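What follows is one structure encoded as structure tokens, with my remarks underneath.
This one's a predicted model, so the numbers in the text were calculated from it and none came from an experiment. Here is how names work: the chains are called A, B, and so on, in the same order as the sequence lines, proteins then strands, and each is numbered from 1.
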Amino acid sequence: MTDTGFGVDANLQDDAKSGGPTVVYRHRLATRVWHWTNVVTLFIMLMSGLTIFNAHPRLYWGQYGANNDHAWLQIGSADNRGYLRVGDTTVDTTGVLGRWTSASGNTVNRAFPYWATIPSSYNLAVARHWHLFFAWIFAFGILLYALWSVVSRHLTRDLLPTRKEIAPAHILHDVAQHARLRFPKGEAARHYNVLQKLSYCGVLLVLLPAVVLTGLTMSPTMNAAWPFLLDIFGGRQSARSIHFIAATLLVLFILVHVAMVVLAGPINEIRSMITGRYRLPKE
Amino acid sequence: MVFSPTRRTFLTAGLVGAAPLVLSGCDVFGLAQSQGVNDALGSSEDLARHVQRLLGGEALAPEFEEAEMSPVFRTNGNTMPADSAYQALAQRNFAGFSLAVDGLVERPMQFTLAEIMAMPSRTQITRHDCVEGWSAIGKWTGVPLARLLDQTGLKQDARYVVFHCADDFSGSKYYESIDLDAAHHPQTILAYGMNDAPLPIGHGAPLRLRVERQLGYKQAKFVMRIEAVASLDSLGAGRGGYWEDAIGYDWYAGI
């Protein structure tokens, strides 16, 4: 038996002597169920969220913010062009943001395009129904998984980096290896590497709690019930901005995550998230 | 060993990348536009209402300092009712205005604006949150709704308070409703003053409902009549408010 470092001590198929691949039990059931739940809920949250953003495509800092106040980010259209403005910098985004062509060929002046939103034609009431329904599954999934990670020691054993791993030299070395698309092989692939640990901890401990709590902070009834939420995030409009930034970082994480899965061997990686069994890449 | 992308790699990447497009392109197979699905998803609103009431109880909405007020409080919705009777009242500075309170009340009453303004008032600096996402902070002065309901009394079977307004969208008069918890909340007022001045017409003169723990479309403007009812079924299409009936916004509107 070999400690896989992923909770269950099991070498399901240790053919090292016969020269075959080493298969380890990598992802436990809780991880797999939560992962695939998130694949569905996160896409629905992101896409219905963009419809809600489209209702008022401006972001502010502070307690209040409306059309007469300074928006630090704005997506709009002017002179038949679509644009994204962040601070004083404006980028022409015609065709993608602000002004784009619908599936039926019509020109639409709206922030995010139909292919990125739920529903695909603007409907704030429907988007809010999708967003606020799946928010329950999303938020309780995060809460349950975080609790399970602590109780099962998944967090401390597999996710939190060790002191040795967060040494700058070690991190730089891993970054350099990743940049050359050299991923851990053999025994080194038994555990998450430090870049994985930092990403997963950043998502589980920072981005996901932030996106849920800023979502709650936008609720006027929650502001009455839990006024400290406004103090944490610096106001409802700041919370709305942080909600959007956290969602953007989650999209970035998904893009990098999927790219890494594809580069590291998609069949083995995806299979491991379905069956739990992961074949250590040969040295 | 150095990784070298294969054709399979690119195919997989393409498929994974295309997934959201497929999802949205077919609108999740038409689900997003289905009324049944939409109603089922909308039912989570009841859960939100119960949980938030449990967590919040009678807690007050945050109140702010004068320094925290929006420099400009934008208007939205209707800014001048087309109704000729309303316009005649507005021309006389609402001198002839009276608010009707009827329905399931013990004593149906009419209150002139002078009578309302002579009652004990409440002033609060609160944040107005539009369902679309923007917020504005303003100062509201008005009579607590509970004071009016104390005077008229409520019949036992009254469950909701309905606000009938002077403004209309394409001929349909605006209306909203709240439950008795919200109606008796200390911050629920009928405002006649805004930012230390008489309430402007653009913001709903002569009376505007402020129900501070809910979204902007609950803050009915140009309130002409208040009606206590047992059920919302016979009001409009039965969803409790103009926007709820017209486009399906949630009645509770606490999130």
Side-chain angles (χ1 to χ4, degrees), chain A residues 43-44 46-47 52-53 55-56 58 60 62-69 103 114-121 123-126 128-130 132-136 180-183 185 216 218-227 230 235-237 240 258-259 261-264 266-267 282-283, chain B residues 1-3 5 8-10 12-13 16-17 19-21 23-25 27-28 32-33 38 40-45 47-49 52-53 55-57 59-62 64 68-74 127 129-137 212-215 243 247-250 253-255:
Chain A
F43 265 111
I44 289 172
L46 288 167
M47 294 172 75
I52 297 171
F53 177 89
H56 189 75
R58 299 161 57 86
Y60 313 89
Q63 303 282 357
Y64 63 80
N67 303 58
N68 296 300
D69 305 308
Y114 70 94
W115 51 261
T117 62
I118 291 176
S120 56
S121 54
N123 186 324
L124 179 59
V126 168
R128 278 170 51 83
H129 282 162
W130 280 75
L132 299 176
F133 179 90
F134 282 92
W136 288 99
R180 292 177 197 134
L181 300 178
R182 285 180 193 150
F183 302 132
K185 309 281 180 211
L216 285 175
M218 284 186 271
S219 154
T221 305
M222 284 311 295
N223 289 164
W226 291 355
L230 287 170
R236 181 180 195 249
Q237 290 301 321
R240 186 167 174 263
V258 169
V261 165
V262 169
L263 292 172
I267 304 290
K282 280 200 217 166
E283 308 239 18
Chain B
M1 195 192 104
V2 175
F3 173 84
R8 191 171 74 185
T9 308
F10 285 116
T12 316
V16 173
L21 293 180
L23 233 123
S24 177
D27 235 342
V28 204
Q33 308 291 2
N38 196 33
L41 296 179
S43 66
S44 75
E45 173 196 45
L47 183 58
R49 178 161 52 91
Q52 290 198 339
R53 281 280 155 80
L55 292 175
L60 296 185
F64 298 86
E68 296 174 292
M69 284 165 55
S70 294
V72 179
F73 197 123
R74 62 164 283 188
R127 202 190 59 223
D129 299 322
C130 180
V131 65
E132 294 180 344
W134 55 267
S135 307
I137 297 178
E212 301 293 0
R213 297 181 301 176
Q214 286 162 277
L215 294 176
W243 288 117
I247 58 173
Y249 282 168
D250 295 323
I255 187 161

Close side-chain approach of [X] to [Y], heavy-atom, < 4.5 Å:
X         : Y         : value
Glu132(B) : Leu124(A) : yes
Arg240(A) : Asp129(B) : no
His56(A)  : Cys130(B) : no

Region of [X] that comes under 4.5 Å of a non-hydrogen atom in chain B:
X         : answer
Ala103(A) : neither
Asp69(A)  : side chain
Phe53(A)  : neither
Ile52(A)  : backbone
Leu230(A) : side chain

Examine whether an atom of [X] lies under 4.5 Å from a heavy atom of chain A, and if so say whether it belongs to the side chain, the backbone or both; otherwise answer neither.
X         : result
Leu55(B)  : both
Phe64(B)  : side chain
Glu212(B) : backbone
Ala48(B)  : both

**Request:** Without swapping roles, check the side chain of Gln63(A) against the backbone of Met69(B) for a donor-acceptor pair under 3.5 Å.
**Result:** no
**Asked** For the side chain of Thr221(A) and the backbone of Arg213(B), is there at least one donor-acceptor N/O pair under 3.5 Å apart?
**Response** yes
Look at [options] and state which one has the largest set of heavy-atom pairs under 4.5 Å with chain B.
options                                   : answer
Gly65(A), Ala55(A), Ser219(A), Pro220(A)  : Pro220(A)
Ala135(A), Gly62(A), Ala225(A), Ala224(A) : Ala224(A)
Phe133(A), Trp226(A), Phe134(A)           : Phe133(A)
Met218(A), Arg58(A), Arg128(A)            : Arg128(A)

Given the options [options], which has more heavy-atom pairs under 4.5 Å with chain A than any of the others?
options                                   : result
Pro62(B), Gly56(B), Gly57(B)              : Pro62(B)
Ala253(B), Pro71(B), Ser70(B)             : Ser70(B)
Val131(B), Asp250(B), Leu47(B), Ile247(B) : Leu47(B)
Arg127(B), Arg49(B), Arg74(B)             : Arg127(B)

**Prompt:** How far apart are the closest heavy atoms of Tyr64(A) and Ala136(B), and which atoms are they?
**Reply:**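 Reported closest heavy-atom pair: CB-CA, 4.1 Å.
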**Prompt:** Which atoms form the tightest heavy-atom contact between Ala125(A) and Tyr249(B), and what is the distance?
**Reply:** CB-CD2, 3.6 Å
Looking at [atom1] of [X] and [atom2] of [Y], how far apart are the two atoms once the value is rounded to the nearest 0.5 Å?
X         : Y         : atom1 : atom2 : answer
Tyr60(A)  : Trp134(B) : OH    : CH2   : 9.5 Å
Asn223(A) : Leu60(B)  : CG    : CG    : 13.0 Å
Leu132(A) : Leu41(B)  : CG    : CG    : 10.0 Å

